[in-house]
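First comes the structure, then the notes that go with it.
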Amino acid sequence: MINEGDKAPAIRATASDGGAIDLGSPGNPLVLYFYPKDDTSGCTREAQDFTTFAGDFAKAGVKVVGISRDPVKSHEKFIGKYGLKVPLVSDEDGRISEAFGTWVEKSMYGRKYMGMERATYLIGADGRVLKAWRKVKVPDHAAEVLNAAKELVSA
């Protein structure tokens with residue numbers, strides 16, 4: 001599990017916009033949000049909320065990237081269907097979610113299974129985790145992350 005103050009894992013990923021991201025040394029502040037599944041109600045709302053604030057994050061000099069274990073084709077459909085302005089990373093092999101500790105045991109109706117914990121990390125340009133949100137609830141989350149990014153990045 002990655003905590004505030006920790007160095008983000010040195011993992012390179014390619015986002016849906018074609019951009020390469022080095023999580024351990026992003027060069028610019030980065031919001032990394034982990035979500036369970038494309039095109040489900042909570043995940044769609046979260047992606048739309050981050051899209052709503054995409055311009056504000058950009059003005060603050062902060063890149064926002066969503067991550068799930070869905071394949072690239074699923075991400076492409078999801079982005080197209082909802083006009084998302086936030087790039088997505090496919091973590092099909094699980095190396096990113098494992099490194100961040102977001103692939104966790106869950107339980108529904110008494111059945112245990114492995115799944116993605118909704119979590120968000122604000123990573124500084126140097127790769128240090130400035131803020132971590134675990135077990136995220138979607139309502140107002142993107143606005144909270146934006147406020148924290150404005151405060152912590154300019155500090």
Side-chain angles (χ1 to χ4, degrees), residues 1-9 11 13 15-17 21 23-24 26 28-71 74-75 77-79 81-109 111-125 127-155:
M1 182 181 303
I2 302 293
N3 296 302
E4 292 175 14
D6 291 348
K7 185 92 166 106
I11 298 174
S16 57
D17 64 1
I21 303 163
L23 304 178
N28 291 326
L30 173 68
V31 167
L32 204 56
Y33 77 93
F34 291 84
Y35 65 98
K37 187 149 183 60
D38 290 343
D39 210 7
T40 56
S41 61
C43 298
T44 299
R45 179 79 259 152
E46 186 175 26
Q48 289 173 323
D49 289 350
F50 276 112
T51 291
T52 296
F53 294 114
D56 297 305
F57 279 105
K59 282 181 197 164
V62 178
K63 182 174 179 90
V64 177
V65 175
I67 296 182
S68 78
R69 286 200 168 185
D70 293 306
S74 176
H75 283 343
K77 283 184 188 175
F78 187 42
I79 290 167
K81 182 174 181 179
Y82 295 101
L84 302 178
K85 304 288 185 232
V86 174
L88 303 176
V89 168
S90 177
D91 184 33
E92 282 188 273
D93 64 4
R95 64 191 171 97
I96 301 170
S97 51
E98 290 284 348
F100 276 84
T102 58
W103 190 248
V104 298
E105 185 177 86
K106 294 178 156 191
S107 180
M108 185 184 297
Y109 306 117
R111 185 179 70 88
K112 293 191 182 305
Y113 63 98
M114 294 301 290
M116 185 74 78
E117 177 182 83
R118 195 178 304 278
T120 303
Y121 295 88
L122 174 58
I123 301 171
R128 286 259 165 241
V129 175
L130 302 175
K131 181 95 173 127
W133 293 264
R134 301 298 298 245
K135 299 184 182 185
V136 166
K137 301 292 183 218
V138 172
D140 301 317
H141 177 63
E144 180 184 346
V145 174
L146 176 61
N147 290 334
K150 287 178 177 176
E151 181 181 310
L152 294 170
V153 169
S154 63

Aromatic plane relationship, Tyr33 with Phe50 - under 30° parallel, 30 to 60° tilted, over 60° perpendicular: parallel
Distance, nearest 0.5 Å, that separates CE of Met108 from OH of Tyr113: 4.0 Å
Lys/Arg-Asp/Glu bridge criterion (N-O < 4.0 Å) met for Lys81, Asp39: yes
Any donor-acceptor pair under 3.5 Å from Arg128 side chain to Gly5 backbone: yes
Ion pair Asp91/Arg95, N-O distance below 4.0 Å: no
For Ile123 against Leu23, the heavy-atom pair lying closest together: CG2-O, 4.0 Å
Atom NZ of Lys7: over 12 foreign heavy atoms under 6.0 Å: yes
Check: Thr51 side chain, Leu84 main-chain N or O, donor-acceptor pair, under 3.5 Å: no
Nearest heavy atoms of Pro71 and Ser90, plus distance in Å: CA-OG, 3.5 Å
Side-chain donor/acceptor of Asp38 to backbone N/O of Phe78, under 3.5 Å: no
Side chain Tyr121, main chain Phe100, donor-acceptor under 3.5 Å: yes
Distance-minimising heavy-atom pair for Gly101 and Arg134: O-NH2, 2.6 Å
Non-hydrogen atoms of Glu4 and Ala132 that approach each other most closely: OE2-N, 3.1 Å
Euclidean distance, Ile11 CD1 relative to Ile96 CD1, rounded to 0.5 Å: 5.5 Å
Any Pro9 side-chain heavy atom under 4.5 Å of Ile2 side chain: yes
Identified salt bridge (Lys or Arg N to Asp or Glu O under 4.0 Å) partner of Arg69 from the options Glu98, Glu92, Glu117: Glu98
Salt-bridge criterion met for Lys63 and Asp17 (N-O under 4.0 Å): yes
Check: Thr102 side chain, Met116 main-chain N or O, donor-acceptor pair, under 3.5 Å: no
Side-chain touch Pro36/Lys106, heavy atoms, less than 4.5 angstrom: yes
Using atom types as modelled, flag every donor-acceptor pair under 3.5 Å from a side chain in residues 137-147 to any protein atom, sequence neighbours excluded.
unit_1: His141; atom_1: NE2; unit_2: Thr120; atom_2: OG1; d: 2.7
unit_1: Glu144; atom_1: OE2; unit_2: Trp133; atom_2: NE1; d: 2.9
unit_1: Asn147; atom_1: ND2; unit_2: Ala143; atom_2: O; d: 3.3

Shortest non-hydrogen contact between Ala149 and Leu122, atoms and distance: CA-CD2, 3.7 Å
His75 side chain reached by Ser68 side chain, heavy atoms, under 4.5 Å: yes
Side-chain touch Tyr35/Val136, heavy atoms, less than 4.5 angstrom: no
Gly61 to Asn28 - nearest heavy-atom pair and separation: O-CB, 4.1 Å
